[in-house]
J.: 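I have a structure here, written as structure tokens, and I will follow up with some questions on it.
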Amino acid sequence: LTNTNITDAQEMETIWTILPAIILILIALPSLRILYLTDEVNDPSFTIKSIGHQWYWTYEYTDYGGLIFNSYMLPPLFLNPGDLRLLEVDNRVVLPIEAPVRMMITSQDVLHSWTIPTLGLKTDAVPGRLNQTVFTATRPGVYYGQCSEICGANHSFMPIVAELIP
């Protein structure tokens, strides 16, 4: 009472398995290309290289004659009234608003993470690798962040302060 042609349809099962996979690949390839291109800025206003060291950051303004400075956390004795304890640094990164900024982020010793949550930025700093993030800030102000990677005993003492000015 059973027809063997109905229960044995391997050709049809192969077609309805492979055909959706091909369709998904055809949809994914252009999407991946567009996703990659949206992360790239061809002509940023600033390019800043940030290098994570054990307990401090080094910044290089590469577009302006190689301006290089270190950014250390201020000890409590040097804080002014109104400064944030464990978040204030001696040298802030100063950036313009409404201009595309490319941050090139790396590390010299261990894994770090260059993070400013209020700007929506978090990029890992990996020794031997140069990661990049691009952002355009729209509001002036002082933005605080910290290393959010477990990079050592004092990783929470690596503050990041970006001052965005018009």
J.: Indicate the atoms forming the closest heavy-atom contact of Asp43 with Pro100, along with that distance.
T.: O-CG, 4.3 Å
J.: Would you please classify the geometry between the Phe46 ring and the Tyr64 ring as parallel, tilted or perpendicular, with 30° and 60° separating the classes?
T.: tilted
J.: Rounded to the nearest 0.5 Å, how far apart are CZ of Arg102 and OG1 of Thr133?
T.: 11.5 Å
J.: So which residues get pulled into Tyr36's cluster when ILVMFWY side chains under 4.5 Å apart are joined, directly or through others?
T.: Leu37
J.: Consider only side-chain heavy atoms of I, L, V, M, F, W and Y, link residues closer than 4.5 Å, and tell whether Tyr143 and Tyr61 are in one cluster.
T.: yes
J.: Can you name the closest pair of heavy atoms from Ser45 and Ala99 and give their distance?
T.: OG-CB, 3.5 Å
J.: Is it true that the side chains of Ser148 and Ser113 contain a donor and an acceptor less than 3.5 Å apart?
T.: yes
J.: Can you tell which of Gln108, His112, Met104 makes a side chain to side chain contact (heavy atoms under 4.5 Å, CB included) with Ile51?
T.: Gln108
J.: Other than Ile150, which residues form its hydrophobic cluster under the rule that side-chain heavy atoms must be closer than 4.5 Å?
T.: none
J.: Rounded to the nearest 0.5 Å, what separation is found between the CH2 atom of Trp114 and the CG atom of Asp124?
T.: 13.0 Å
J.: Tracing side-chain links under 4.5 Å among I, L, V, M, F, W and Y, which residues wind up in one group with Val142?
T.: Leu84, Leu87, Val89, Tyr144, Val161
J.: Answer yes or no: is there a donor N or O on one side and an acceptor on the other, between the side chain of Asn131 and the main chain of Thr123, under 3.5 Å?
T.: no
J.: Mind checking whether Trp57 and Phe69 sit in one hydrophobic cluster, side chains of I, L, V, M, F, W, Y counted as touching below 4.5 Å?
T.: yes
J.: Applying a strict under-4.5 Å side-chain criterion to I, L, V, M, F, W and Y, I'd like to know whether Ile160 and Phe135 cluster together.
T.: yes
J.: Roughly how far, to the nearest 0.5 Å, is the CG atom of Leu164 from the CZ atom of Arg139?
T.: 12.0 Å
J.: Supply the atom-to-atom distance Thr138 OG1 to Ile97 CD1, rounded to the nearest 0.5 angstrom.
T.: 7.5 Å
J.: Could you tell me if the side chain of Ser50 sits less than 4.5 Å from the side chain of Thr106, heavy atoms only?
T.: no
J.: Within this structure, what is the CE-CD distance for the pair Met103 and Gln132, rounded to the nearest 0.5 Å?
T.: 11.0 Å
J.: Using side chain to side chain contact (heavy atoms under 4.5 Å, CB included), reason through Tyr56 and Asp90 one step at a time and then give a plain yes or no.
T.: CA-CA 11 Å; Tyr56 70 97; Asp90 57 354; over 6 Å; no
J.: So, for Leu79 and Arg85, which heavy atoms are closest and what is the spacing to 0.1 Å?
T.: CD1-CA, 3.9 Å
J.: Flag yes if Tyr72 and Val94 sit in one hydrophobic cluster, no otherwise; membership is Ile, Leu, Val, Met, Phe, Trp, Tyr, and two members link when side-chain heavy atoms are under 4.5 Å apart.
T.: no
J.: Any link between Leu121 and Leu130 through a network of hydrophobic side chains (Ile, Leu, Val, Met, Phe, Trp, Tyr) touching at under 4.5 Å?
T.: no
J.: Determine whether a donor-acceptor pair (N or O, by modelled atom type, separation under 3.5 Å) exists between the side chain of Ser71 and the backbone of Asn91.
T.: yes
J.: Looking at OG1 of Thr14 and CG of Leu19, how far apart are the two atoms once the value is rounded to the nearest 0.5 Å?
T.: 12.0 Å
